[in-house]
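Report on the following structure.
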Amino acid sequence: MPTPPKAVLFDIDGTLTDTNYLHVRAWRQAFVDAGLVEVTSWRVHRMIGASSAVLLRELCGEERDDIKDGWRRHFDELKSEIRAFPKAANLLQAIAARGIAVVLATSSEPQDVDALVDAIGAGDAVSAVTSAGDVDEAKPSPEVFESALVQAGCTAGEALAVGDSVWDVEAAGRAGLRTVTVRCGGTGDDALRGVGAVEVFDDPAALLESLDSWLVLRRRE
């Protein structure tokens, strides 16, 4: 029988905050600065949600500090534009009100986490936050979600993940988690379901409206 999870582990960028396209702008300009104009925005977007190391290896064949430094500089200039999606805070608060731990599990750099959490504004509904700075490898490695499970004090079988990208679903799956996804990060249903997403909703507002339909643990097939 379906049962409530003990914890829900949320990605942040593209899931709770409307920041994926800010990252696209920052990375795209960093590549242009480095003379790699062929790395166009759509190619960058496909990699948002993965670690910077994975993104760089995929898009330019190697990890380059100059490009990552360029992204850092350009993203810092865009931080004033960080906004949460509508109802993101209400969603986290509604889950916490049911006695379920809410843990944020992100590939974002540690210096960005405070701005993201502040933008969401969910207060003490958030039990803990784990980011790229807490692990050796960020998504699609499972380490971010494994760290979040430790923070939540439960097993993968007692938790759900929520994300917006194929990287979220892949990382969560490697940690033994089932993943509910949202479209608001810009990834389509076929791509999300193709890597194992169990359900797809539009955005946090849709998750909140349908809370009783997805906030359950079902036995794996």
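- For the residue pair Asp134/Ser147, the side-chain donor-acceptor check at 3.5 Å is not satisfied.
- Looking at Arg183 and Asp189, a side-chain N of the basic residue comes within less than 4.0 Å of a carboxylate O on the acidic one, giving a salt bridge.
- Taking the side chain to side chain donor-acceptor pair (under 3.5 Å) definition, one finds that Gln29 meets it with Asp33, sequence neighbours left out.
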query = Where do Asp69 and Arg64 land on the salt bridge (Lys or Arg N to Asp or Glu O under 4.0 Å) test, with the steps shown first?
reply = CA-CA 9 Å; Asp69 290 345; Arg64 285 182 50 174; over 6 Å; no
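- There is a path of hydrophobic side-chain contacts, each under 4.5 Å, that joins Ile12 to Leu55.
- Between the Glu158 side chain and the Thr155 main chain, a donor and an acceptor come within less than 3.5 Å of each other.
- Thr106 contributes no side-chain N or O that, together with a main-chain N or O of Ser131, makes up a donor-acceptor pair within less than 3.5 Å.
- Closest of all the heavy-atom pairs between Leu78 and Leu22 is CD1-O, 3.4 Å.
- The pair Arg25-Glu81 counts as a salt bridge, with a side-chain nitrogen and a carboxylate oxygen less than 4.0 angstrom apart.
- Of the possible donor and acceptor atoms, none in the side chain of Ser210 sits under 3.5 Å from a partner among the backbone N and O of Leu207.
- In summary, Arg83 and Asp18 do not engage in a salt bridge, as defined by a charged side-chain N under 4.0 Å from a carboxylate O.
- Without hydrogens or angle criteria, Trp214 side chain to Glu199 main chain gives no donor-acceptor distance under 3.5 Å.
- For residues 87-109, the salt bridge (charged side-chain N to carboxylate O under 4.0 Å, His left out) pairs, not counting sequence neighbours, are Lys68-Glu109, Arg98-Asp212.
- In this structure, Asp190 places its CG atom where only 12 or fewer heavy-atom neighbours from other residues, nucleotides or ligands lie under 6.0 Å away.
- The shortest distance between side-chain heavy atoms of Thr17 and Ile120 falls below 4.5 Å.
- At a threshold of 4.0 Å, the pair Glu63-Arg57 counts as salt-bridged, since one of the basic side-chain nitrogens sits closer than that to a carboxylate oxygen.
- In this structure the side chain of Pro5 reaches within 4.5 angstrom of the side chain of Leu215, judged on heavy atoms.
- Counting only heavy atoms from C-beta outward, the side chains of Phe31 and Ser41 never approach each other to under 4.5 Å.
- The cluster map of Ile, Leu, Val, Met, Phe, Trp and Tyr, joined by side-chain heavy atoms under 4.5 Å apart, puts Val117 and Val135 in different clusters.
- Under the 3.5 Å distance criterion, the side-chain polar atoms of Glu143 are matched with a main-chain donor or acceptor of Asp136.
- The heavy-atom pair separating Arg174 from Pro140 by the smallest distance is NH1-O, 3.0 Å.
- With no hydrogens or angles considered, no side-chain donor-acceptor pair links Trp167 and Ser165 at under 3.5 Å.
- In this structure a side-chain-to-backbone donor-acceptor pair under 3.5 Å is present from Asn20 to Gly14.
- You'll find the side chain of Leu116 stays beyond 4.5 Å of the side chain of Leu16, heavy atoms only.
- Exactly one residue among Leu192, Thr15, Val195 makes a side chain to side chain contact (heavy atoms under 4.5 Å, CB included) with Asp168. That residue is Thr15.
- Under the ring-ring contact (aromatic ring centres under 6.0 Å, His included) criterion, Trp27 pairs with Trp71, sequence neighbours left out.
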